[in-house]
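Take a look at the structure below.
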Number of protein chains: 2
Amino acid sequence: MKSVTIPPASVARLPLYLYALETLQSEGMGTISSEILANRVNVNAAKVRKDLSFLGTHGVRGVGYDSAVLGQEIREALGLTRDFGVVIVGIGNLGAALASYDSFGAARFHIVGLYDTNPEKIGTRIGDLEVRHLRHLAADVAEHDVEIGIITTPTAVAQEVAQQLEDCGIRSILNFAQTVLHTENAAVRRVDLSTELQILGYYLRSDRG
Amino acid sequence: MKSVTIPPASVARLPLYLYALETLQSEGMGTISSEILANRVNVNAAKVRKDLSFLGTHGVRGVGYDSAVLGQEIREALGLTRDFGVVIVGIGNLGAALASYDSFGAARFHIVGLYDTNPEKIGTRIGDLEVRHLRHLAADVAEHDVEIGIITTPTAVAQEVAQQLEDCGIRSILNFAQTVLHTENAAVRRVDLSTELQILGYYLRSDRG
DNA sequence: TAGTGTGAAATCTTTCACAGCA
DNA sequence: TGCTGTGAAAGATTTCACACTA
């Protein structure tokens, strides 16, 4: 791997820059400054330059960045130069919604499997995928090259599912269940609606004149 | 407002502690140590104690914390001692999934309105709410006491919807669209699937032996 | 001249380590 | 004795400010 380690806080912003660059490019902005990019992403221009400096230096002093080149640099830094197989476990309302959400950033992420344990769900179709019983997970993951698992199960079984994903060799998990997962090696990112609402609730607190 | 300002990083963890405490309580753990709580939330025990110290001191040296009392303290710090009205704008797959997701942390958050502009959606029901045209937003927000808006629209209209939410006096927005919103005063939290996947993708990069 | 790249300062966050108390 | 509460140290992140250069 050529690239140096990028600080986590910067990594988390790279997708935002990438999206903004794609938008700017589609608006015909071939060259952009850190200032413009910063405005789009709601951050400070110095932060943009610092973040981009971790990818190497690709700007031109007095001019700015070539949006196409910079976009490509970010894609490379993020490893978005290849495809990723994704499975979703737990095909309730949320899982089904994510399954049909096809415009996953630059189409590098492909949902290749949907799993549930509810007999009523098994065999139903979403797009061109059929919901399969969770017992098929291990074999399917081995056959297709799956690297990311999304957990949209009820909270009670999320930990157990995480374990199964890890046992299949999956190293990255996106957890929509309310619980905090414990994993051996897998990287986990947690997305939870009620947590987000509670955080917003805190900031509403003092806000009230 | 009695409470001191809590650092953002701590605020973001309080909902996790709260959820863990509720679980521990339901397991019959009336008293818990920072160590136990830390394990549940996957953080360091000193961090738990530091975070809790911002709420005032409620532990007993040599013993630990009373999980019921501590839970209540966290609820108060987060402002979860009253109800919050929530509206969802954009009733596609994701919006509909969130609308039917009723167990919003401790039931303090109540969805009171669903909006869309697609004539085919207007008038359909989810649970006991009917999807209404977005043009009713302002009047509805004024009538019910709505404080939080969730945006699950297509990216292209998210900014415009954010503006409308702000114009109605909403000060907190949860944004599921891919774009970064620009607001005058409203606090925004952004949740985006493709961003999360891209971040996970980065950590898969170097990981590969 | 306009805008990058980056040391250095400022700020925020985490972790350590231990005094103090039930 | 066991665990909290917290100063102080370490580490990470953000921001400033300016040398540099196309």
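This one's a predicted model, so the numbers in the text were calculated from it and none came from an experiment. In what follows, every chain begins at residue 1, and chains take the letters A, B, ... in the order their sequences are listed.
To the nearest angstrom, C1' of C:dT4 lies 10 Å from CG of A:Leu52. The nearest whole Å value for the distance from the CG atom in B:Leu70 to the C1' atom in D:dC3 is 14 Å. Counting to the nearest Å, the C1' atom of C:dT14 and the CG atom of B:Asn42 are 16 Å from each other. Atom CD of B:Glu35 is separated from atom P of D:dG2 by 13 Å (rounded to the nearest Å). Here the P atom of nucleotide D:dC3 and the CD1 atom of B:Ile32 are 12 Å apart, to the nearest Å.
Summarising the local packing, CD of A:Glu27 is surrounded by more than 12 heavy atoms from other residues, nucleotides or ligands at distances under 6.0 Å.
Distance check: B:Leu21 CG to B:Gln72 CD gives 11.5 Å after rounding to the nearest 0.5 Å. To the nearest 0.5 angstrom, A:Glu196 atom CD is 11.0 Å from B:Ile148 atom CD1.
Counted by atom type alone, B:Ser172 and B:Glu147 present zero donor-acceptor pairs between their side chains at under 3.5 Å. Side chains of B:Asp140 and B:Tyr115: a donor-acceptor N/O pair is present below 3.5 angstrom, by distance only. There is no side-chain donor-acceptor pair under 3.5 Å between B:Tyr101 and A:Asn93. A donor atom on one side chain and an acceptor atom on the other are not found under 3.5 Å apart for B:Arg190 and B:Thr179.
The backbone N or O of B:Leu80 sits less than 3.5 Å from a side-chain atom of B:Arg108, completing a donor-acceptor pair.
A sub-4.0 Å separation between OP1 or OP2 of D:dG5 and a side-chain N or O of B:Tyr65 is present. Close to D:dC3, at under 4.0 Å from its OP1 or OP2, lies no side-chain N or O of B:Ser33. Side-chain nitrogen and oxygen atoms of A:Ser34 include at least one within less than 4.0 Å of the OP1 or OP2 phosphate oxygen of C:dT4.
For the pair A:Arg82 and A:Phe84, the cation-pi criterion (under 6.0 Å, within 45° of the ring axis) is fulfilled.
The A:Thr57 side chain lies nearest to C:dG5 when the options are D:dT4, C:dG5, C:dT4.
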Under 3.5 Å between N/O atoms: give me all the protein pairs with nucleotides 12-16 of chain D, atom names plus distance.
from: D:dT14; atom 1: OP1; to: A:Arg13; atom 2: NH1; distance (Å): 3.1
from: D:dT14; atom 1: OP2; to: A:Arg13; atom 2: NH1; distance (Å): 3.1
from: D:dT14; atom 1: OP2; to: A:Arg13; atom 2: NH2; distance (Å): 2.8

Produce the list of close N/O pairs, under 3.5 Å, pairing protein atoms with atoms of nucleotides 19-22 of chain C; give distances to one decimal.
from: C:dG20; atom 1: N3; to: B:Arg61; atom 2: NH1; distance (Å): 3.3

